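Let me begin by presenting the structure, written as structure tokens, before commenting on it.
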Amino acid sequence: MFLGLLTMGAHRTRQCSLLQLQPLRTCILFLLLLLLLLPCSASSSVITHLPGFHGRLRFYLETGYVSVDEETGTELFYYFVESERSPSTDPVILWLTGGPLCSGFTALVFEVGPMNFVLAPYNGSLPRLVNNQYSWTKIASIIFLDTPVGSGFSYARDPKGYNVGDISSSLQVVTFLKKWFNDHPSYLSNHFYVGGSSYAGKVIPLIAQYISEGIEQRQQPLIKLKGYMVGSPLTDPKYDRNSIIPYAHGVGIISDQLYEAAVANCKGDYVNPTNEICANVLNAVDNLMSELDNGDILLDKCAGRLIPKPINGVSSRALLEEYSRLSEPTARPTINCFSYRFYLLNIWMNDKATRDALKIKKGTVGVWTRCNTEVFPYARDVPSTIQYHLNLTTRGYRALVFCGDHDLMVPFLGTQAWIRSLNFTIIDDWRAWHLDGQAAGFTVMYDNNLTFATLKGSGHAPISYKPKQGFAMGQRWLDRKPL
Ligand SMILES: *[C@@H]1O[C@H](CO)[C@@H](O)[C@H](O)[C@H]1NC(C)=O
Ligand SMILES: *[C@@H]1O[C@H](CO)[C@@H](O)[C@H](O)[C@H]1NC(C)=O
Ligand SMILES: *[C@@H]1O[C@H](CO)[C@@H](O)[C@H](O)[C@H]1NC(C)=O
Ligand SMILES: *[C@@H]1O[C@H](CO)[C@@H](O)[C@H](O)[C@H]1NC(C)=O
């Protein structure tokens, strides 16, 4: 315990630097005072350099662990990047990655974060990183979180700690936030949003709901939740998975005849076939879909991404999400593959120099894998989040729901359909939204501050395919401007 406190003190360099001109003694006193005030479970470090990145980081990066369950010794690992514009007034965003059980770092380097990997063939040297010019940290501070426990560097001392699901992991995220804000009180005055894509879209409405309940009960710390953003969100299989067949038909993956056979025999349920003809039709659909990268139907189909594992035809695909086996040598993708970046990431993250730089606790996580989707138990115990979206939007929380229009895993057709099921009035009718004089996608705005948008030519986890357009979309929405 005492050793833990000492270690923590050593990492609290940031608070210390505020007093750089004061004598060392003041700094030590200040630290001791902090130690008394803060829960001893928190530990954080400021990172100024990273292996593979040339020079000092241009942005403020902090990593750390927050204890969310004492009994099982569960600690969630986070990366915090402060806004490069105006940290005191810019929003704070909690950004989550899907899977479930993919690391939050995925978003830091491939989605909305300040760095990108240089996509060069691996030659034995550590993969290199450069600045991402479309980072959302130019306009917001972002917490990238390894959640649920078992993803990234988050861990539990007791194996029982890994038995979490939609509800329990969302509650742990809320515990994390309370502790994090207690530890970073200056950010409590900023507007707060939760965002993420894919399976994160499933838990974000739960997390927002729990935060909003805390706000109603005036729980401290009072988080200034304003709304949430979900990209290609898993929401309700009735909509998400049933839209796969009409979408596959619309973009020319399955024939008219096969589509008509599905409509005639499956009675609108393409998830649980109730007769043999329907099951056969779905198998035929599955075979055609397996020709493509379901995350983005225009890309090369490659190893190390979206490995299909048929359970009952089409339904298993959407569940497997970003499932990845990149730690397996046979899954090594070639450089033309979208997943090559994940291959580079896995090499970089498992290098000792990287782990030392990120201040990873020894003996907590063995090999780091981007996604541990099938490794740990995880209960998908909230089948539909439509009710949560309804609850949040009708109580004044803003929502941005965006989709890549080339995503076959959670096709935008299903997302559009569940949004329509809310029966909200259209405020700004379906139209193109533009960037550089071109349509960047299409959008419609509903009552209750609900905005739906597509990113043209993008796939699952839409921003990672269209970073420039994704940034424009996020900036306009956060600034409360029409897309
Ligand atoms: C790999 O390529 C990089 C960039 O071109 C170069 O700096 C490095 O020396 C190379 N490493 C090896 C082991 O060849
Ligand atoms: C909707 O909100 C009400 C009031 O906060 C709450 O009682 C109810 O449980 C919520 N439903 C869901 C699905 O979150
Ligand atoms: C939307 O309208 C339909 C048809 O009137 C109704 O069945 C459904 O319950 C409504 N949904 C909501 C969320 O009010
Ligand atoms: C939409 O958000 C604005 C704040 O941006 C708020 O004033 C307004 O009441 C919200 N509208 C609805 C219908 O909730």
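What's counted below: heavy atoms across the whole structure, side chains too, no hydrogens, waters or symmetry copies. Read the numbers this way: they start at 1 and go in the same order the structure lists the ligands and their atoms. Just so you know, these numbers come straight off a predicted model, no measurement behind them.
Looking only at side-chain heavy atoms (C-beta outward), W180 and H184 come within less than 4.5 Å of each other.
The six-membered or imidazole ring of Y122 lies away from that of Y340, with a centre-to-centre distance of 6.0 Å or more. You'll find the ring centres of Y465 and F338 inside the 6.0 Å limit. Aromatic rings of F105 and Y79 (six-membered ring for Trp) have centroids within the 6.0 Å cut-off, being under it.
For atom 11 (N) of ligand 3, the nearest protein heavy atom is under 4.0 Å away. For atom 2 (O) of ligand 3, a protein non-hydrogen atom is found at a distance below 4.0 Å. Inside a 4.0 Å radius of atom 14 (O) of ligand 2 there is at least one protein heavy atom. Closer than 4.0 Å to atom 5 (O) of ligand 3 lies none of the heavy atoms of the protein.
Residue N391 has at least one heavy-atom neighbour below 4.0 Å for each of these atoms of ligand 2: 1 (C), 2 (O), 3 (C), 8 (C), 10 (C), 11 (N), 12 (C), 14 (O). Those atoms of ligand 2 that come under 4.0 Å of a heavy atom in Q209, given as number and element, are 1 (C), 2 (O), 5 (O), 10 (C), 14 (O). Residue S421 has at least one heavy-atom neighbour below 4.0 Å for each of these atoms of ligand 3: 1 (C), 11 (N), 12 (C), 13 (C).
In terms of N/O distances under 3.5 Å, ligand 1 is not approached by R128. Note: no N/O pair closer than 3.5 Å links E213 and ligand 2 by distance alone.
Pairing each heavy atom of T74 with each of A156, the nearest pair is OG1-CB, 3.6 Å.
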Item to complete: Could you walk me through whether F80 and Y60 pass the side-chain contact (heavy atoms from CB on, under 4.5 Å) test, one step at a time?
Response: CA-CA 8 Å; F80 173 62; Y60 172 81; 3.9 Å; yes
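Distance from atom 9 (O) of ligand 3 to its nearest protein heavy atom, with residue and atom name: N423 ND2, 4.7 Å. Summary of contacts: the protein heavy atom closest to atom 8 (C) of ligand 1 is S125 OG, 3.6 Å.
Of the options W95, Y193, W477, a ring pair (Phe, Tyr, Trp, His ring centres under 6.0 Å) to W136 is made by W95 and by none of the others. If you run ring pair (Phe, Tyr, Trp, His ring centres under 6.0 Å) between Y78 and each of F144, F153, F176, only F176 comes through.
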